[in-house]
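Quick notes on the structure that follows.
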2 protein chains.
Amino acid sequence: MGKKDKAAKRTLQDHPRPSVAVDTAVLTVLPPEPAGPGGDRSELAVLQIRRARGHKKGEWSLPGTFLHEGELLSESVARSLREKAGLGDDVVPRQLRVFDRPERDTRGRVLSVAHKVWLPYARLVPVVEAADGALRLVPVGEVGPMPFDHPEIVAAAVDQGRAEYAQAADPGRLLPDSFTLHELWVVHDAVAGHYDSSEDAFRLRAVRLLEPSPEPPRKLDVGRPARLYRRR
Amino acid sequence: MGKKDKAAKRTLQDHPRPSVAVDTAVLTVLPPEPAGPGGDRSELAVLQIRRARGHKKGEWSLPGTFLHEGELLSESVARSLREKAGLGDDVVPRQLRVFDRPERDTRGRVLSVAHKVWLPYARLVPVVEAADGALRLVPVGEVGPMPFDHPEIVAAAVDQGRAEYAQAADPGRLLPDSFTLHELWVVHDAVAGHYDSSEDAFRLRAVRLLEPSPEPPRKLDVGRPARLYRRR
DNA sequence: TAAATAGTGTCTCTGAGACACTATTCA
DNA sequence: TGAATAGTGTCTCAGAGACACTATTTA
């Protein structure tokens with residue numbers, strides 16, 4: 001608030017402004033069926049929230065909110081996940097892109113800055129259970145009808161996620177600090193949508209991105225115990 | 001404009017809205033020194049515009065504008081380039097990301113949706129000449145001080161451009177319909193910032209992304225004439 | 001024929017995939 | 001010992017880079 005004349009000169013003219021929202025695809029990998037390290041295949045899944053009253057019933061959407069004054073987009077994402085899903089602030093949102101079709105929201109002009117967040121399944125379970133049916137995790141191939149351009153946002157999130165997992169071992173930190181190669185493969189296979197190559201070929205590639213954990217190999221129900229690795 | 005009650009229910013609440021701007025890095029490749037197909041190395045360059053009066057003198061910025069009502073972001077980019085640089089509407093803007101630091105613009109909260117546009121040098125020459133000193137093309141390594149986060153936008157544009165040229169022969173359509181392998185290499189070498197491998201290794205890689213042109217080889221000043229290729 | 005440029009052939013290295021083989025454990 | 005799982009060794013194939021060699025033109 002310096003000298004008034006200059007401040008006036010440098011003030012933004014009055015012009016129509018769009019509302020700016022953030023919508024977030026929270027991605028995770030579901031535990032394999034049945035369970036355990038000897039399990040089968042997993043699925044990449046996204047967090048959906050039941051739409052507020054006054055909307056088409058039975059529809060689910062992505063968690064989102066309007067950008068507040070002075071707020072960073074990443075802070076807005078964190079706040080929306082806190083308010084709508086009870087998640088903590090330990091999320092690392094990555095921006096996808098702006099969705100800007102003028103007709104995308106019938107209430108008026110709303111730009112949505114779409115984001116993607118990785119969270120381990122174990123972080124999401126208590127949150128979904130506490131929501132009493134207002135939240136659900138759905139495989140990305142089975143998201144039903146969604147409002148706005150939320151299906152496109154999910155698709156963009158999946159693309160970005162796949163690109164990330166093609167480059168690094170576990171960029172989403174979906175696994176605990178140490179894990180077996182099989183566990184890592186289950187995650188990669190799920191993220192890639194089961195189009196990845198064989199588990200056998202994967203091992204060689206993955207080891208170069210990891211460092212061996214000093215812990216002793218983990219005993220399984222049957223078979224040779226599995227070495228533990230860490231993210232490099 | 002349907003039934004008034006429902007419309008009221010579904011109207012956006014009054015809340016503070018940021019201004020939304022677009023800023024665009026127009027990228028091109030300068031002609032090689034001295035010139036001609038036997039030329040040397042080229043430079044990746046960006047279009048700058050002299051800042052309007054009332055700002056620090058000597059500073060150059062990226063062309064930008066505020067998003068208008070009902071306008072798509074891509075339309076806004078095209079309009080800004082038309083109004084500020086006299087460029088036509090035949091641009092293909094690609095979004096980079098939103099720059100959202102609250103303090104990035106001292107006039108108030110302004111989100112900038114940064115974009116990148118490829119344009120061939122020949123398209124830009126008449127535009128820069130007609131601007132009478134208000135526009136210039138500068139190698140991306142030599143952009144001087146720029147306002148806001150424009151240096152970051154240029155860096156993001158260069159990154160996206162490099163990623164594009166690592167995947168395709170000439171995604172920016174910087175070359176005419178048919179061109180020699182040498183001309184293509186000059187462009188790639190400039191985009192990659194001269195860190196690409198040798199021209200020799202490049203040829204083998206590039207040919208697979210091209211189809212031979214039916215035109216006869218182009219005669220040069222000296223040496224064997226060069227075959228012409230087309231984008232596939 | 002020399003200089004200059006375009007284009008090819010060949011070698012090596014590396015990484016990916018396939019797949020057979022070995023290692024370790026439990027029942 | 002057999003079943004089940006983890007891990008290794010080896011072969012082949014494809015792409016990248018280095019580099020020498022050939023091809024075509026002008027002066």
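Note that the coordinates shown come from a computational prediction; the quantities given were computed from them, not determined experimentally.
Applying the side-chain hydrogen bond (donor to acceptor under 3.5 Å, both in side chains) test to B:Arg97 and every residue at least two apart in sequence or in another chain returns nothing.
Ionic pairing of A:Asp89 and A:Arg82 is present here: one or more N-O contacts between side-chain nitrogen and carboxylate oxygen are shorter than 4.0 angstrom.
Considering only side-chain atoms of B:Arg208, the nucleotide from D:dA16, D:dG7, C:dT8 that sits closest is D:dA16. The side chain of A:Ala226 has D:dA6 as its nearest neighbour among D:dA6, C:dA18, D:dA23. Looking at the side chain of B:Pro225, the nearest of the listed nucleotides D:dA6, D:dT25, C:dA20 is D:dT25. With distances taken from any side-chain atom of A:Lys219 to the nucleotides C:dC26, C:dG7, D:dT25, the minimum falls on C:dC26. Residue A:Ser198 places its side chain closer to C:dA18 than to any other of D:dA4, C:dA18, D:dA16. Of the candidate nucleotides C:dC26, D:dG7, D:dA18, D:dA18 has the atom nearest to the side chain of B:Leu204. Among the nucleotides D:dA6, C:dT5, D:dT25, the one closest to any side-chain atom of A:Glu199 is D:dA6.
In this entry the distance linking CG of A:Leu220 with C1' of C:dA27 reads 15 Å, nearest Å. Between the P atom of D:dT5 and the CZ atom of A:Arg218 lies a distance of 16 Å, rounded to the nearest Å. Rounded to whole Å, the distance from CG on A:Leu181 to C1' on D:dA6 is 9 Å. Residue B:Arg203 contributes atom CZ, which lies 15 Å from atom C1' of D:dA18 at whole-angstrom precision. Rounded to whole Å, the distance from NE2 on A:His182 to C1' on D:dT5 is 9 Å. To the nearest angstrom, C1' of D:dG7 lies 9 Å from CG of A:Asp200. Between B:Trp185 atom CH2 and D:dA16 atom P there is a gap of 17 Å when expressed in whole angstrom units. Rounded to whole angstrom, the span from the CZ atom of A:Phe202 across to the P atom of D:dT5 amounts to 18 Å.
Between A:Arg224 and C:dT22, a side-chain N or O to OP1/OP2 separation shorter than 4.0 Å is absent. Residue B:Arg227 has no polar side-chain atom (N or O) positioned under 4.0 Å from OP1 or OP2 of D:dT24.
A ring-centre distance under 6.0 Å is not found for B:Trp185 and B:Phe179.
A cation-pi arrangement, defined by a distance under 6.0 Å to the six-membered ring centre and an angle within 45 degrees of its axis, is present between A:Arg136 and A:Trp60.
Positionally, the nearest nucleotide of DNA chain C for B:Val222 lies more toward the 5' end than for the other of B:Val222 and B:Leu228.
A donor-acceptor pair shorter than 3.5 Å cannot be found between the side chains of A:Arg218 and A:Thr180.
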